[in-house]
Q: 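Encoded as structure tokens, here's the structure I'll be asking about.
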2 protein chains.
Amino acid sequence: MYPKFLKEHASLKDKVYLYLKDEIARGNLKPGERIKEKEIAHQFDISRTPIREALLQLEAEGFVRFLPRRGIIVRELTVKEITDVWQTIGVLEGGAAALAATRMNKRDLSNLERLTQRMEKALDEDNYDEYNRLNLRFHETFLKKSGNEQLYEIIIRLKKRIYEHPVKMVTIPEWERKAFREHLELLKIFKQKDAQKAETYLREVHWNLEENLPFILKSYFQEE
Amino acid sequence: MYPKFLKEHASLKDKVYLYLKDEIARGNLKPGERIKEKEIAHQFDISRTPIREALLQLEAEGFVRFLPRRGIIVRELTVKEITDVWQTIGVLEGGAAALAATRMNKRDLSNLERLTQRMEKALDEDNYDEYNRLNLRFHETFLKKSGNEQLYEIIIRLKKRIYEHPVKMVTIPEWERKAFREHLELLKIFKQKDAQKAETYLREVHWNLEENLPFILKSYFQEE
DNA sequence: GGAGGTAATCATGTATCCAAAATTTTTGAA
DNA sequence: TTCAAAAATTTTGGATACATGATTACCTCC
């Protein structure tokens, strides 16, 4: 049946859209795998129409590909795509941070401060789920503070693209700890209100491709 | 009938998609205006299905909005959206330039050089169409040289979003000349292979919001 | 047993049909 | 004449039906 989190009155298209996206995220639908409209339609006991519309939307967002007249498949994420997206997020977050740096007030800074403290605690307790939630909130905080909604939306979309793809995002403690230290440094830069430094730090350090590549490869392409 | 540039074998959905996008770009479909599926269907003498699919795709790209059960309208571009997109393009082009700066070779640089020379000539002759084409090529050159395809794609999409919206992009000679001088400066920076400077220059000068805002407002919201 | 060609099957792309919600028009009473 | 309620119409959301290109299965011939 439908996943429970769906609004009762949502359109069938939206229900199917969320369902399929979730299936892709969980890896139940694997990259390269074929998606057959009729199968899904049968599964939900609805017609192909809303299925097709949902798939079209997923295509626009890069999750599936329509091969004309030949089928619909879950898109593969190549190393090149992942690293390009990674780097792009770095550019965007750098820009957002530069904007945010000059707009942060005392309250924002102490919010970030508190988040880092809780992150440290979570790491100490090996509570990586909690850490990830806090990490997300840390980033959301300064991204929103940039005041640029388009920038924010695009970043969210890109992150979904790589995080919600069929990946068992394994936790790599070493990686998390590295990221944590970088958050501390970033906070320090925010306190100095140094926009240029914030930009550079995020783009060239926090999201630096070379430094993170081994971890990225490990979490996306490790055997198991 | 169909616009002439359409491939013969394209799907109806794709034909309609391109047609509608073009209509929006030309301003034949104005922001806020309602799009009725049946009308278009009748116009092309095809069924509503491909129309709907095309509209869905346009929605995903931000050109139209589906108001559930109430209709489909051409999206308004607010000042806020335009300026946010503008700023975001600056961030992205800055990042692309930083990457490109270290990868440019002699040939690339002399290509850019030649383009600026032709741009200058075009400006002298008040040939703004030609200038715009060259301007586009200048940007494409270093964007592609970044080597990051995702970055490139996103920039293209954003530019389409603001340039292909119902706007009579008037030419403002003063603006074009300002941009031209900035291209010269950028070229100089590329020659120095200074990535950081290239990033900052594009983000904080060439795409600087405050400096360009009057021009933007003039081309998007002028009365006539 | 393998290669090549042909028929059967299947999935997509499009058309048509139906139902429900929203909008517009009409009607009727104050 | 005005305004509200009801009827008629329009429009979207979804279901069903059909056509065509692609894939698969099968069969023949070597």
Side-chain angles (χ1 to χ4, degrees), chain A residues 1-3 6-21 23-24 28-76, chain B residues 1-3 6-21 23-24 28-76:
Chain A
M1 282 311 93
Y2 304 143
L6 290 175
K7 303 282 175 295
E8 203 49 58
H9 54 279
S11 66
L12 288 181
K13 180 206 91 180
D14 288 339
K15 291 182 184 175
V16 173
Y17 167 79
L18 290 172
Y19 168 75
L20 285 175
K21 204 159 119 176
E23 286 292 291
I24 293 174
N28 297 343
L29 288 171
K30 293 192 176 43
E33 191 173 334
R34 188 118 174 248
I35 296 181
K36 286 171 200 165
E37 297 173 1
K38 205 158 79 172
E39 244 173 49
I40 315 281
H42 202 262
Q43 197 176 320
F44 282 82
D45 198 32
I46 59 179
S47 82
R48 276 175 51 216
T49 310
I51 313 282
R52 238 181 117 67
E53 296 187 344
L55 286 167
L56 246 6
Q57 195 170 333
L58 288 168
E59 185 199 27
E61 291 173 25
F63 289 101
V64 305
R65 281 184 54 177
F66 276 63
L67 310 177
R69 284 254 170 227
R70 301 185 54 241
I72 300 137
I73 59 172
V74 178
R75 254 183 118 169
E76 312 260 359
Chain B
M1 281 308 94
Y2 304 142
L6 290 175
K7 301 284 173 295
E8 203 50 57
H9 55 279
S11 67
L12 288 180
K13 181 207 90 182
D14 288 337
K15 290 182 183 174
V16 173
Y17 167 80
L18 290 173
Y19 167 75
L20 286 175
K21 204 159 116 177
E23 286 292 291
I24 293 174
N28 298 342
L29 290 171
K30 293 195 175 43
E33 189 172 337
R34 187 120 174 248
I35 297 181
K36 288 172 199 162
E37 297 173 1
K38 206 159 82 170
E39 240 173 52
I40 316 281
H42 202 261
Q43 196 177 322
F44 283 84
D45 197 32
I46 59 179
S47 81
R48 276 175 51 217
T49 309
I51 313 283
R52 244 185 111 64
E53 296 188 344
L55 285 167
L56 244 7
Q57 196 170 334
L58 288 168
E59 186 201 25
E61 290 173 28
F63 289 101
V64 304
R65 281 183 54 176
F66 276 63
L67 309 177
R69 285 254 172 226
R70 304 189 53 242
I72 300 133
I73 59 173
V74 179
R75 255 182 111 166
E76 311 259 1

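Below, chains carry the letters A, B, ... as their sequence lines are ordered, and counting in each starts from 1. Every heavy atom of this structure was used, including side-chain atoms; hydrogens, water molecules and symmetry mates were not. Everything quoted here is computed from the prediction, not taken from an experiment.
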Q: Report all interatomic pairs (protein N or O, nucleotide N or O of nucleotides 21-24 of chain D) with separations under 3.5 Å.
A:
| from | atom 1 | to | atom 2 | distance (Å) |
| --- | --- | --- | --- | --- |
| D/dT23 | OP1 | A/Arg70 | NE | 2.6 |
| D/dT23 | OP1 | A/Arg70 | NH2 | 2.9 |

Q: Looking at A/Leu55 and A/Val64, what are the two nearest heavy atoms and their distance?
A: O-CG2, 3.6 Å
Q: When we call it a touch if two heavy atoms are under 4.0 Å apart, what does B/Ile35 touch: a base, just sugar-phosphate, or nothing?
A: sugar-phosphate
Q: What's the shortest heavy-atom distance between A/Gly62 and A/Arg75, and which atoms?
A: O-CD, 3.2 Å
Q: How close do B/Gln57 and B/Asp14 get, heavy atom to heavy atom, and via which atoms?
A: OE1-OD1, 4.5 Å
Q: Just to confirm, is there a sub-4.0 Å distance from OP1 or OP2 of D/dA15 to any side-chain nitrogen or oxygen of A/Ser47?
A: yes
Q: CZ of B/Arg48 versus C1' of D/dG13: gap in Å, rounded?
A: 8 Å
Q: In this structure, how many angstroms lie between the C1' atom of C/dA15 and the CD atom of B/Glu53, rounded?
A: 12 Å
Q: Using whole Å, what does the distance between atom P of nucleotide C/dT14 and atom CZ of B/Phe44 come to?
A: 13 Å
Q: Could you tell me how far apart A/Leu12 (CG) and C/dA21 (C1') are, to the nearest whole angstrom?
A: 15 Å
Q: Provide, to the nearest angstrom, the distance between the NZ atom belonging to B/Lys38 and the P atom belonging to D/dT9.
A: 12 Å
Q: Residues two or more places apart in sequence or in another chain: which of them pass salt bridge (charged side-chain N to carboxylate O under 4.0 Å, His left out) with B/Glu37?
A: B/Arg48, B/Arg52
Q: About how many Å separate CZ of A/Arg65 and CD1 of A/Ile72, when rounded to the nearest 0.5 Å?
A: 12.5 Å
Q: Would you kindly check whether a donor in the side chain of A/Arg52 faces an acceptor in the base of D/dG14, or vice versa, at under 3.5 angstrom?
A: no
Q: I want to verify a distance call: between C/dA15, D/dG13, D/dA17, whose nearest atom is closest to the B/Phe66 side chain?
A: D/dG13
Q: So which nucleotide from C/dT12, C/dT14, D/dA15 ends up closest to the side chain of A/Ile72?
A: C/dT12
Q: To the nearest Å, give me how far apart NZ (A/Lys13) and P (D/dT12) are.
A: 14 Å
Q: Categorize B/Leu55 for me: base, sugar-phosphate, or nothing, with a 4.0 angstrom heavy-atom threshold over every strand shown.
A: nothing
Q: Looking at every heavy atom in both B/Ala54 and B/Lys13, which two are closest together, and how far apart are they?
A: CB-O, 3.6 Å
Q: What is the distance, to the nearest angstrom, from the NZ atom on B/Lys36 to the P atom on C/dA22?
A: 17 Å
Q: Specify the separation, in whole Å, of atom CG of B/Leu67 and atom P of C/dA21.
A: 17 Å
Q: Any luck finding a side-chain donor-acceptor pair between B/Lys21 and B/Tyr17 under 3.5 Å?
A: yes
Q: Need to verify one output field. Residue with the more 5' nearest nucleotide on DNA chain D, A/Asp45 or B/Glu37?
A: B/Glu37
